[in-house]
Visitor: 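I have a structure I would like to understand better, so I am pasting it below and will then ask my questions one at a time.
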Amino acid sequence: KKYDDSDKRILFIKVKCMALLGCAQDAIALINEKHPEYIAAKLVVYTIIDDTDSLDKLIDSIDMDSLKTTREKLAIHFIAGRRAYFKANNENIEYDKIIPIHGLPNTNLTLLLQSYEHYKLAWVLTEELGYPQDFTLLLDISPLAFAFFNNMPELFRHFDNILRERPQHAE
(Lines give C-alpha, C1' and ligand atoms only; values in the text may rest on other atoms or scores of the structure.)
Protein backbone atom coordinates (compact mmCIF):
# COMPACT_ATOMS: atom_id res chain seq x y z
CA LYS A 1 0.00 0.00 0.00
CA LYS A 2 2.93 2.34 0.49
CA TYR A 3 3.73 2.40 -3.25
CA ASP A 4 2.17 5.03 -5.51
CA ASP A 5 -0.60 3.48 -7.61
CA SER A 6 -0.66 6.49 -9.91
CA ASP A 7 2.63 5.28 -11.44
CA LYS A 8 1.61 2.75 -14.12
CA ARG A 9 4.83 0.74 -13.80
CA ILE A 10 4.32 0.27 -10.07
CA LEU A 11 0.64 -0.53 -10.58
CA PHE A 12 1.52 -3.12 -13.24
CA ILE A 13 3.92 -4.95 -10.94
CA LYS A 14 1.46 -4.71 -8.06
CA VAL A 15 -1.52 -6.15 -9.98
CA LYS A 16 0.57 -9.02 -11.38
CA CYS A 17 1.63 -9.91 -7.84
CA MET A 18 -1.95 -9.60 -6.61
CA ALA A 19 -3.14 -11.97 -9.35
CA LEU A 20 -0.44 -14.49 -8.45
CA LEU A 21 -1.50 -14.28 -4.80
CA GLY A 22 -5.13 -15.01 -5.65
CA CYS A 23 -6.44 -11.45 -5.41
CA ALA A 24 -7.28 -10.98 -9.08
CA GLN A 25 -10.64 -9.27 -8.52
CA ASP A 26 -8.96 -6.74 -6.23
CA ALA A 27 -6.28 -6.24 -8.89
CA ILE A 28 -8.89 -5.53 -11.58
CA ALA A 29 -10.70 -3.17 -9.20
CA LEU A 30 -7.43 -1.33 -8.52
CA ILE A 31 -6.74 -0.97 -12.26
CA ASN A 32 -10.29 0.29 -12.85
CA GLU A 33 -9.92 2.79 -10.02
CA LYS A 34 -6.46 4.16 -10.83
CA HIS A 35 -5.99 3.57 -14.58
CA PRO A 36 -9.19 2.25 -16.19
CA GLU A 37 -7.68 2.74 -19.65
CA TYR A 38 -4.76 0.38 -18.86
CA ILE A 39 -6.05 -2.55 -20.89
CA ALA A 40 -2.74 -4.43 -21.05
CA ALA A 41 -2.65 -4.74 -17.26
CA LYS A 42 -6.15 -6.20 -17.22
CA LEU A 43 -5.22 -8.68 -19.96
CA VAL A 44 -2.19 -9.81 -17.98
CA VAL A 45 -4.27 -10.34 -14.83
CA TYR A 46 -6.86 -12.39 -16.73
CA THR A 47 -4.06 -14.39 -18.37
CA ILE A 48 -2.38 -15.14 -15.04
CA ILE A 49 -5.58 -16.43 -13.46
CA ASP A 50 -6.64 -18.20 -16.68
CA ASP A 51 -9.99 -16.39 -16.84
CA THR A 52 -10.45 -17.07 -20.55
CA ASP A 53 -14.02 -15.73 -20.70
CA SER A 54 -13.04 -12.30 -19.33
CA LEU A 55 -9.87 -12.34 -21.42
CA ASP A 56 -11.80 -13.06 -24.63
CA LYS A 57 -14.44 -10.42 -23.88
CA LEU A 58 -11.80 -7.78 -23.19
CA ILE A 59 -9.78 -8.66 -26.32
CA ASP A 60 -12.95 -8.47 -28.44
CA SER A 61 -13.81 -5.05 -27.01
CA ILE A 62 -10.45 -3.38 -27.70
CA ASP A 63 -10.33 -0.55 -30.22
CA MET A 64 -6.69 -0.69 -31.31
CA ASP A 65 -6.91 2.76 -32.92
CA SER A 66 -7.73 4.32 -29.56
CA LEU A 67 -4.53 3.09 -27.90
CA LYS A 68 -2.00 5.81 -27.32
CA THR A 69 1.34 4.07 -26.86
CA THR A 70 3.26 1.67 -29.07
CA ARG A 71 4.20 -0.28 -25.96
CA GLU A 72 0.57 -0.96 -25.04
CA LYS A 73 -0.29 -1.89 -28.63
CA LEU A 74 2.60 -4.36 -28.57
CA ALA A 75 1.42 -5.95 -25.32
CA ILE A 76 -2.13 -6.28 -26.61
CA HIS A 77 -1.11 -7.77 -29.96
CA PHE A 78 1.16 -10.23 -28.16
CA ILE A 79 -1.55 -11.36 -25.73
CA ALA A 80 -4.27 -11.42 -28.40
CA GLY A 81 -2.02 -13.43 -30.73
CA ARG A 82 -1.19 -15.91 -28.01
CA ARG A 83 -4.83 -16.26 -27.01
CA ALA A 84 -5.98 -16.78 -30.61
CA TYR A 85 -3.31 -19.46 -31.07
CA PHE A 86 -4.50 -21.31 -27.97
CA LYS A 87 -8.12 -21.06 -29.07
CA ALA A 88 -7.19 -22.27 -32.58
CA ASN A 89 -5.65 -25.36 -30.99
CA ASN A 90 -8.54 -26.10 -28.63
CA GLU A 91 -6.86 -24.46 -25.61
CA ASN A 92 -3.97 -26.91 -25.72
CA ILE A 93 -0.43 -26.78 -27.00
CA GLU A 94 1.66 -29.87 -26.52
CA TYR A 95 5.22 -28.60 -26.69
CA ASP A 96 6.71 -32.08 -26.77
CA LYS A 97 4.68 -33.13 -29.83
CA ILE A 98 5.59 -32.55 -33.46
CA ILE A 99 2.85 -30.63 -35.25
CA PRO A 100 2.52 -31.59 -38.93
CA ILE A 101 3.03 -28.74 -41.40
CA HIS A 102 -0.64 -28.95 -42.41
CA GLY A 103 -1.65 -28.51 -38.77
CA LEU A 104 -3.70 -30.71 -36.52
CA PRO A 105 -7.07 -31.94 -37.82
CA ASN A 106 -9.05 -29.91 -35.28
CA THR A 107 -7.14 -26.63 -35.70
CA ASN A 108 -9.32 -23.58 -36.35
CA LEU A 109 -7.62 -21.90 -39.31
CA THR A 110 -9.51 -18.62 -38.90
CA LEU A 111 -8.19 -18.23 -35.34
CA LEU A 112 -4.74 -19.34 -36.45
CA LEU A 113 -4.72 -16.60 -39.10
CA GLN A 114 -5.90 -14.12 -36.47
CA SER A 115 -3.00 -15.17 -34.26
CA TYR A 116 -0.55 -14.76 -37.12
CA GLU A 117 -1.84 -11.27 -37.92
CA HIS A 118 -1.49 -10.19 -34.28
CA TYR A 119 2.03 -11.57 -34.11
CA LYS A 120 3.03 -9.85 -37.38
CA LEU A 121 1.89 -6.53 -35.92
CA ALA A 122 3.61 -7.29 -32.61
CA TRP A 123 6.92 -7.86 -34.41
CA VAL A 124 6.54 -4.59 -36.35
CA LEU A 125 5.86 -2.72 -33.10
CA THR A 126 8.82 -4.45 -31.44
CA GLU A 127 11.00 -3.25 -34.30
CA GLU A 128 9.66 0.31 -33.86
CA LEU A 129 10.62 0.15 -30.18
CA GLY A 130 14.15 -0.96 -31.04
CA TYR A 131 13.66 -4.57 -29.94
CA PRO A 132 13.34 -4.04 -26.20
CA GLN A 133 14.56 -6.78 -23.89
CA ASP A 134 11.14 -8.37 -23.46
CA PHE A 135 10.84 -9.10 -27.21
CA THR A 136 11.68 -12.67 -26.14
CA LEU A 137 8.00 -13.12 -25.22
CA LEU A 138 7.31 -13.25 -28.95
CA LEU A 139 9.59 -16.27 -29.34
CA ASP A 140 7.15 -18.56 -27.54
CA ILE A 141 4.44 -19.04 -30.16
CA SER A 142 4.97 -16.59 -33.01
CA PRO A 143 7.47 -18.88 -34.83
CA LEU A 144 4.76 -21.55 -34.98
CA ALA A 145 2.31 -19.12 -36.58
CA PHE A 146 4.93 -17.75 -39.00
CA ALA A 147 5.97 -21.28 -39.99
CA PHE A 148 2.39 -22.38 -40.56
CA PHE A 149 1.79 -19.46 -42.93
CA ASN A 150 5.17 -20.00 -44.59
CA ASN A 151 6.58 -16.58 -43.71
CA MET A 152 9.81 -17.50 -41.97
CA PRO A 153 11.81 -14.96 -44.04
CA GLU A 154 9.91 -12.13 -42.31
CA LEU A 155 10.62 -13.61 -38.88
CA PHE A 156 14.28 -14.18 -39.80
CA ARG A 157 14.50 -10.53 -40.89
CA HIS A 158 13.61 -9.55 -37.34
CA PHE A 159 16.14 -12.03 -35.96
CA ASP A 160 18.82 -10.54 -38.22
CA ASN A 161 17.91 -7.04 -37.02
CA ILE A 162 18.15 -8.16 -33.40
CA LEU A 163 21.54 -9.80 -33.92
CA ARG A 164 22.83 -6.78 -35.82
CA GLU A 165 21.58 -4.34 -33.18
CA ARG A 166 22.30 -6.27 -29.97
CA PRO A 167 26.01 -5.41 -29.50
CA GLN A 168 25.07 -1.73 -29.26
CA HIS A 169 21.85 -2.24 -27.31
CA ALA A 170 21.59 -0.15 -24.14
CA GLU A 171 20.19 -3.07 -22.13
Side-chain angles (χ1 to χ4, degrees), residues 1-96 111-112 114-146 155 158-159 162 165-166 169-171:
K1 292 184 187 255
K2 66 182 179 178
Y3 296 102
D4 183 13
D5 294 332
S6 64
D7 183 325
K8 281 178 125 178
R9 293 171 302 161
I10 290 172
L11 180 81
F12 190 58
I13 293 168
K14 189 183 278 191
V15 298
K16 286 192 296 185
C17 291
M18 290 171 73
L20 290 168
L21 292 170
C23 302
Q25 294 310 317
D26 293 335
I28 294 296
L30 183 60
I31 297 166
N32 287 335
E33 177 188 334
K34 298 294 182 176
H35 295 282
E37 77 292 349
Y38 200 5
I39 298 166
K42 294 175 191 177
L43 291 173
V44 168
V45 170
Y46 290 138
T47 300
I48 289 171
I49 64 167
D50 200 27
D51 183 349
T52 56
D53 290 336
S54 297
L55 183 60
D56 290 342
K57 285 177 190 168
L58 186 54
I59 289 171
D60 290 343
S61 73
I62 297 170
D63 175 14
M64 294 302 279
D65 295 330
S66 71
L67 300 174
K68 292 178 178 66
T69 68
T70 303
R71 193 84 174 128
E72 188 159 33
K73 289 177 187 177
L74 168 60
I76 290 169
H77 280 297
F78 162 70
I79 293 170
R82 189 173 193 278
R83 179 69 189 130
Y85 193 88
F86 270 92
K87 285 170 50 177
N89 289 285
N90 298 310
E91 307 288 338
N92 185 29
I93 297 177
E94 296 185 37
Y95 288 100
D96 57 343
L111 287 170
L112 196 57
Q114 187 179 11
S115 172
Y116 171 67
E117 294 297 332
H118 279 295
Y119 275 124
K120 274 193 338 189
L121 290 168
W123 275 107
V124 167
L125 295 168
T126 300
E127 183 177 26
E128 283 179 28
L129 291 170
Y131 298 103
Q133 194 170 15
D134 60 351
F135 82 89
T136 55
L137 294 171
L138 293 172
L139 298 176
D140 182 25
I141 294 174
S142 71
L144 300 173
F146 274 76
L155 190 61
H158 289 291
F159 292 170
I162 292 165
E165 178 264 340
R166 269 296 171 223
H169 202 275
E171 295 172 341

Visitor: Please round to the nearest 0.5 Å and tell me the distance separating atom CG of Leu155 and atom CG of Leu144.
Guide: 10.5 Å
Visitor: Could you tell me if Lys8 sits above the aromatic ring of Tyr38, with its cationic atom closer than 6.0 Å to the ring centre and no more than 45 degrees from the axis?
Guide: yes
Visitor: Show the nearest heavy-atom pair for residues Ala40 and Phe12, with the distance to one decimal.
Guide: O-CE1, 4.4 Å
Visitor: Does the pair Val15 and Val44 meet the rule for a side chain to side chain contact (heavy atoms under 4.5 Å, CB included), with working shown?
Guide: CA-CA 9 Å; Val15 298; Val44 168; over 6 Å; no
Visitor: To check you understand the geometry: which heavy-atom pair defines the closest contact between Glu72 and Ile39, and what is its length?
Guide: OE2-N, 3.0 Å
Visitor: Would you mind listing every side chain to side chain donor-acceptor pair (under 3.5 Å) that reaches into residues 59-71, with sequence neighbours excluded?
Guide: Arg71-Asp134
Visitor: Measure the spacing between CD1 of Ile28 and CE of Met18 and express it to the nearest 0.5 Å.
Guide: 9.5 Å
Visitor: Please round to the nearest 0.5 Å and tell me the distance separating atom CZ of Arg82 and atom CG of Leu55.
Guide: 10.0 Å
Visitor: For the CG atom of Leu74 and the CG atom of Leu129, what is their distance to the nearest 0.5 Å?
Guide: 6.0 Å
Visitor: Please tell me whether His158 and Tyr131 have a donor and an acceptor in their side chains that are separated by less than 3.5 angstrom.
Guide: yes
Visitor: Could you tell me which residues satisfy ring-ring contact (aromatic ring centres under 6.0 Å, His included) with Tyr116, sequence neighbours excluded, listed by chain and number?
Guide: Phe146, Phe149
Visitor: Any chance you could measure Glu37, atom CD, to Asn32, atom CG, to the nearest 0.5 Å?
Guide: 10.0 Å
Visitor: What is the minimum heavy-atom distance between Ser115 and Ala145, and which atoms define it?
Guide: OG-CB, 4.4 Å
Visitor: Would you please name every residue forming a side-chain hydrogen bond (donor to acceptor under 3.5 Å, both in side chains) with Glu127, sequence neighbours left out?
Guide: Arg157, Asn161
Visitor: Indicate the atoms forming the closest heavy-atom contact of Ile49 with Ala19, along with that distance.
Guide: CG2-O, 3.9 Å
Visitor: Under the salt bridge (charged side-chain N to carboxylate O under 4.0 Å, His left out) definition, can you give me all pairs with a residue in residues 42-57, not counting sequence neighbours?
Guide: Asp56-Arg83, Asp56-Lys87
Visitor: Measure the spacing between CG of Leu139 and CD1 of Ile162 and express it to the nearest 0.5 Å.
Guide: 6.5 Å
Visitor: Can any side-chain N or O of Thr126 pair as donor or acceptor with the backbone N or O of Ala122 at less than 3.5 Å?
Guide: yes
Visitor: Who passes salt bridge (Lys or Arg N to Asp or Glu O under 4.0 Å) against Asp7, sequence neighbours left out?
Guide: Arg9
Visitor: If you take all heavy atoms of Leu11 and Asp5, which pair is closest and at what distance?
Guide: CB-O, 3.9 Å
Visitor: Restricting to non-hydrogen atoms, name the atom on Ile31 and the atom on Val45 that form the minimum distance, rounded to 0.1 Å.
Guide: CD1-CG2, 4.2 Å
Visitor: For Lys34, enumerate each residue passing the salt bridge (Lys or Arg N to Asp or Glu O under 4.0 Å) test, keeping only those at least two apart in sequence or located in another chain.
Guide: none
Visitor: Parallel, tilted or perpendicular: which one describes the rings of Trp123 and Phe159, with boundaries at 30° and 60°?
Guide: perpendicular
